[in-house]
Amino acid sequence: MSEKFVRTPKLNTLFRLQFEHAQQCYVLLFPEGMIKLNPSAAEILTCIDGKKTDAEICELLRENFPDAPEDLEEDVREFLTHAEEKRWILYDA
Amino acid sequence: MTPNNTTSTSITPPLWLLAEITYQCPLHCPYCSNPVNMEETFNELSTSDWERVLTQAREMGAVQLGFSGGEPLLRRDLEHLVAYARNLGFYTNLITSGIGMTEKRIAKLKKAGLDHIQLSFQSANAEVNDLIGNKRHSFEQKLKIAKLVKQYEYPMVLNFCITAQNIHEIEEVMALSTQLNADFVELATVQYYGWAYENRDHLLPTKAQLQHAESAVNRYRDAQSGGPKFIFVTPDYYEDRPKACMNGWGTTFLTVTPDGSALPCHSAKILPLTFPNVKNSSLRDIWHEDFSFNHFRGDNWMQSPCKGCNEKSKDFGGCRCQAYMLTGDMYKTDPVCSKSPDHHMMKSITDKAGSKASTALKYRYVERGIDIAVVDS
């Protein structure tokens, strides 16, 4: 786990992220489908703007959630890997 | 809503609204899912009717919206309705044949906020494509539109309707989809509703053809690095477990037809039930209170063997329309299910696949069609 956080994720344009009042959660919308997001996944994805690096996203989350557990970075890294595998986010080559 | 009304309180919102804005279409595919009896074709809802439907559906929690038909491009208010829906927060899908699309319209739709375009193909071969849709030069037009869809940065889903007439060219279909840079590709073996039910004996592939196609798809997927995601849909006639049709009656899907009928699925109008119309009732009343929408909710309506079956909460007894079409009784277990006393029907139907159909092929609308059976002889 020595790999540094230096990459800048962006949301794949195949997906649209929005808050759904009827379901009281964030969802990812894509052609004829929807993924409901849990609160921590939504917190991370809403930070992604194509400008902030993954390290900066961690810093921001740390500021917003001062009581978060120590391994917050680890959780974010794990989620971003998952999101990349699912093609929700992309990194510039 | 009264607090002790359990049917109302346990009802989930219609997340998916299919807006069939017109039944009119420049193509005449013999497997069209539209009703065979399209008398109501010319009594279409107005723009303001659709605005009201969209607003009410969104208030109830609908989020996916399909503009479909017929060919939705034939409605001149399509761009307006897309903008209106997008503004309400819908994810907007356009389900189109591409016939009638122009660069000007694709740009206007982008500006209106259209999220996704699903483009149908009848074949990967120009001649076969034009024969099945019964329209010359439609293949050329579809290729042009596929390029525009990507140029304007829409997610692109291609839908190929697979039948006995084109199943042998599945490899060409996948190659074409890759070349066109599709995001998702539905290799959808036609389901036997509407016109496809009428023409089933012509359209149903044999089991051997299906197995051959499925292994070709698996081989292609294994060799892929990136490229489109292929979704292979087999016809349930060869299955022994029924499909969980529409994710359960009145749980997720709501279809509004061109004349304003509200249906739990786009095929339900064939059933001997009276369905409500959005011109007379609000969507909330329709979804929560209407007799037809409540009719097959839950499992009180079930007969044996569904009633005592431990899989009833998984497949909801299969498809009501299929049970009705095949047995004449909409309360019966879907005959696809091996536990159904009518399951033997499926074998007698599928045994006939591949042999010459006894009746002539019926084209949607047109009296005289080109006999598509000639293309695979």
Side-chain angles (χ1 to χ4, degrees), chain A residues 3 5-54 57 64 77-93, chain B residues 11-19 56-68 85-96 110 113-119 149-150 152-159 181-186 188 226-229 231 233 247 252-253 284 287:
Chain A
E3 195 189 326
F5 271 154
V6 285
R7 299 195 299 167
T8 306
K10 64 176 182 201
L11 202 63
N12 183 345
T13 51
L14 265 184
F15 296 93
R16 204 173 99 198
L17 176 67
Q18 82 181 24
F19 188 77
E20 277 298 287
H21 285 282
Q23 303 180 68
Q24 284 300 302
C25 68
Y26 273 91
V27 296
L28 275 177
L29 299 167
F30 60 98
E32 300 179 30
M34 175 178 79
I35 298 153
K36 282 186 175 189
L37 298 168
N38 65 37
S40 46
E43 286 297 344
I44 300 168
L45 285 178
T46 49
C47 290
I48 293 175
D49 58 4
K51 296 187 187 97
K52 285 193 273 297
T53 65
D54 35 21
I57 289 168
N64 292 347
R77 185 199 291 263
E78 224 170 81
F79 175 77
L80 290 177
T81 306
H82 174 73
E84 189 185 7
E85 278 168 11
K86 293 276 183 193
R87 299 203 285 177
W88 300 344
I89 60 166
L90 302 168
Y91 294 98
D92 285 327
Chain B
I11 293 170
T12 50
L15 294 177
W16 231 117
L17 175 65
L18 185 67
Q56 291 176 352
R58 185 70 186 130
E59 279 168 2
M60 291 170 71
V63 62
Q64 283 284 347
L65 170 65
F67 286 105
S68 176
R86 187 63 173 76
N87 194 39
L88 292 169
F90 275 108
Y91 188 90
T92 50
N93 304 274
L94 176 64
I95 300 159
T96 179
K110 188 78 190 179
L114 181 65
D115 289 290
H116 149 235
I117 296 179
Q118 185 196 109
L119 182 62
V149 170
K150 294 308 290 186
Y152 280 81
E153 297 181 334
Y154 289 99
M156 179 166 76
V157 176
L158 298 182
N159 181 291
N181 204 12
D183 295 294
F184 299 92
V185 182
E186 293 175 5
K229 188 173 158 59
I231 301 145
V233 185
N247 196 36
T252 314
F253 292 89
R284 185 169 290 282
W287 187 254

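Within every chain, numbering begins at 1; the chains are lettered A, B, ... in the order of the sequence lines, protein sequences first and strands thereafter. If you're wondering where the values come from, they're calculated on a predicted model, not measured in any experiment.
The two residues A:Ala22 and B:Gly61 come nearest to each other via the heavy atoms CB-CA, 3.5 Å. Shown here for B:Tyr91 and A:Glu32, the closest heavy-atom pair between the two residues is CE2-N, 4.4 Å.
Counting heavy atoms from C-beta outward, A:Leu14 and B:Asp183 have side chains that approach closer than 4.5 Å. The closest side-chain heavy-atom distance from B:Val63 to A:Gln18 is below 4.5 Å. Side-chain atoms of B:Glu153 and A:Thr13, non-hydrogen and from C-beta on, never get closer than 4.5 Å to each other.
In this structure, the separation between CZ on A:Phe30 and CG on B:Asn93 is 10.5 Å, given to the nearest 0.5 Å. Residue A:Arg16 holds its CZ atom at 10.5 Å from CZ of B:Phe90, rounded to the nearest 0.5 Å.
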Applying side-chain contact (heavy atoms from CB on, under 4.5 Å) to B:Lys229 and A:Arg87, what does each step give before you reach the verdict?
CA-CA 12 Å; B:Lys229 188 173 158 59; A:Arg87 299 203 285 177; 4.2 Å; yes
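Looking at B:Phe184, only its side chain comes within 4.5 Å of chain A, counting heavy atoms on both sides. Of the two parts of B:Gln118, only the side chain, counted from C-beta on, holds a non-hydrogen atom closer than 4.5 Å to a non-hydrogen atom of chain A. With a threshold of 4.5 angstrom between heavy atoms, B:Leu15 approaches chain A through side-chain atoms but not through N, CA, C or O.
Remark: B:Arg58 pairs with A:Glu20 by the side-chain hydrogen bond (donor to acceptor under 3.5 Å, both in side chains) rule, at least two apart or across chains.
Counting heavy-atom pairs under 4.5 Å between each of B:Pro155, B:Pro13, B:Gly66 and chain A puts B:Pro155 at the top.
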